[in-house]
Amino acid sequence: MTQIVTRFPPSPTGYLHIGGARTALFNYLYARQNGGKFILRIEDTDQARSTQEMTDAIIDAMHWLGLDFDEGPFFQSERGDIYNSYVDKLLETGGAYYCSCTPEEVEEMREMARANGLKPKYNGKCREMGLGPGPGRVVRFKTPLTGKVVFDDIIKGPIAWDVQEMDDFVIRRADGSAIYQMAVVVDDAEMGVTHVIRGDDHQNNTPKQILIYQALGFPLPKFGHVPMILGPDKKKMSKRHGATSVMMYKDMGYLPEAMLSYLVRLGWSHGDDELFTRDELLEKFSLEGLGKSASVFDMDKLNWTNSHFIKTGDVPRLAGLLGEIVRSTTQFDPAPEYLEAIVPLYQPRAKTLKEMAEQAAFFLHDAETLPYDGAAVAKFLTPEIREHLAVMASRMEALPAFDHKSLEDMAAAYLEETGLKFKALAQPIRVAITGTTMSPGLFETMEVLGRERTLARFRKALTL
RNA sequence: GUCCCCAUCGUCUAGUGGCCUAGGACGGCGGCCUCUCACGCCGCUAACAGGGGUUCAAACCCCCUUGGGGACGCCA
């Protein structure tokens, strides 16, 4: 059995978007679990719109997601001679011909066809003219006049196309460069690609490409067309739906493993399983689980998925990631150990690392810069309560150990003495040490803050 | 316009002729837990687009309609 080879061929005209990432993921998983190869190929034959910057950005995003490729990146822009040698071959064997029609003329033909209620096509005017090369002349593929192209799509099943739906499409521009259809086929064939798993939008290209494969005598790969990802309004995902670029999710505080787990479930399923680690994916992924219909990108579920991976994530790693966000969005540069103490407090609370950074902001301020919620101060730090807080502060100062257990015992003892309910004191203490009415558990929070910070805040609060 | 593809709760989906008075998950709603906010736990909500067939039996098979998407470039 031959080795399975898949590929991901983005064109560097934009960032790696959600849909592309999912397609890449499917290809990556399929190759990996079959001991095959996963190739990255940059489709930059459109020089005008392709940039190095986008190429780098796409590779960065794939790296972030951990979609490592075995070969590449290959650049189509560097392979023009190869494509042309095959165009020449087609020219020699009569599989293609020169055409001298101008774009305007072709457009007229299309208009004409449209006017007659037909599919807009080139009418084959130069097909039998035996033209040679010349300025302004393109090379067109000689599409068979009759017959059907049939292929068995991996995910959609048998698909048949009447060749009459296709015209003699251009395979080489007047400037001598090969066109996409030609480049992909030559590349996929030369690179030994066995499974072409790509977006739905390429489904209509497949018959044309199969024709080229056949004309060139290349063995046919298997094709699989994955449905697209829609925005909440069920329209094609686009800028107006917010974040479409994968790296935007990184910036918003999503974990790559969460993106992977969420993305794979969009259009693929494995029974009732919802969450997958990379290893589980490598074990359980299968082409059979792929669905046929388009799916809507759902932020709520992504958030849920992300919060799961935050809950179960490795603390030092999460702390490192949190630190990056803190440093890039605030003036703080907290010590790694401090962040590692903070993270567990927020693992069950934060949906994203960004959110974690925001909620944990009070840990990073010192007592002087800590913002206090005026309304909360007025409501909870009453004169009577302040007296209790002052007493507690002095007891905390004397505590042998400043951990949550000791703090809780101290508080319990104080409540016992005074006959107060914990509820009466909890929010006031919270406001005193965090400036707000929401935070992780009080004693855990104080332990992480440490004695110095905690006491400084008590003192500060009593002056407000 | 022509061609291609698709169609189960609001969303992601399970389901491949009887196990389905349709299962899970997200969300939403209600409750429990509770020092706040979360987490967690329990419960509820909600779908086979419509119409014809085929069959003893249809969410599953066939046809039509409707709806959605895609493609018809010297873009990829």
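Throughout, a chain's letter reflects where its sequence line sits, starting with A, and its residues are numbered from 1.
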Does the B/C39 base have a donor-acceptor partner in the side chain of A/Arg349 within less than 3.5 Å? no
Determine the contact category for A/Val138: base if any of its heavy atoms lies under 4.0 Å from a base atom, sugar-phosphate if only primed atoms, P, OP1 or OP2 are that close, otherwise nothing. base
Which part of the nucleic acid does A/Asn303 contact within heavy-atom distance under 4.0 Å: base, sugar-phosphate only, or nothing? nothing
Check this one for me: any side-chain N or O of A/Lys234 less than 4.0 Å away from OP1 or OP2 of B/U11? yes
For a quick check, tell me whether the side chain of A/Asn205 and the base of B/A76 share a donor-acceptor pair closer than 3.5 Å. yes
If pairing requires Watson-Crick or G-U wobble contacts with both distances under 3.5 Å, which nucleotide is the partner of B/A49? B/U65
Check whether any side-chain nitrogen or oxygen of A/Arg114 sits under 4.0 Å from OP1 or OP2 of B/C3, and answer yes or no. no
What nucleic acid atoms does A/His225 come within less than 4.0 Å of, heavy atoms only: base, sugar-phosphate, or nothing? nothing
Sugar-phosphate, base or nothing in reach of A/Arg49, heavy atoms under 4.0 Å: base
Using a 4.0 Å heavy-atom cut-off across all strands, classify A/Pro207 as base, sugar-phosphate, or nothing. nothing
For B/G70, does the base pair up with any side-chain atom of A/Asn204 as donor and acceptor (N or O, under 3.5 Å, distance only)? yes
Over all strands shown, is A/Leu266 touching base, sugar-phosphate only, or nothing at heavy-atom distances under 4.0 angstrom? sugar-phosphate
Could you check whether the side chain of A/Glu274 and the base of B/G24 have a donor-acceptor pair of N or O atoms closer than 3.5 Å, going by distance alone? yes
For the base of B/G23, is there a side-chain donor-acceptor partner from A/Asp272 under 3.5 Å away? yes
Now, which nucleotide makes the Watson-Crick or G-U wobble pair with B/G10, with each of the two distances under 3.5 Å? B/C26
Under 4.0 angstrom, heavy atoms only, what part of the nucleic acid is A/Lys235 near: base, sugar-phosphate, or nothing? sugar-phosphate
Using a strict 4.0 Å threshold on nitrogen-to-oxygen distance, state whether A/Lys405 and A/Glu408 make a salt bridge. no
Watson-Crick or G-U wobble partner for B/C39, using a 3.5 Å limit on both distances? none
Is the phosphate of B/U13, meaning OP1 or OP2, less than 4.0 Å from a side-chain N or O of A/Ser295? yes
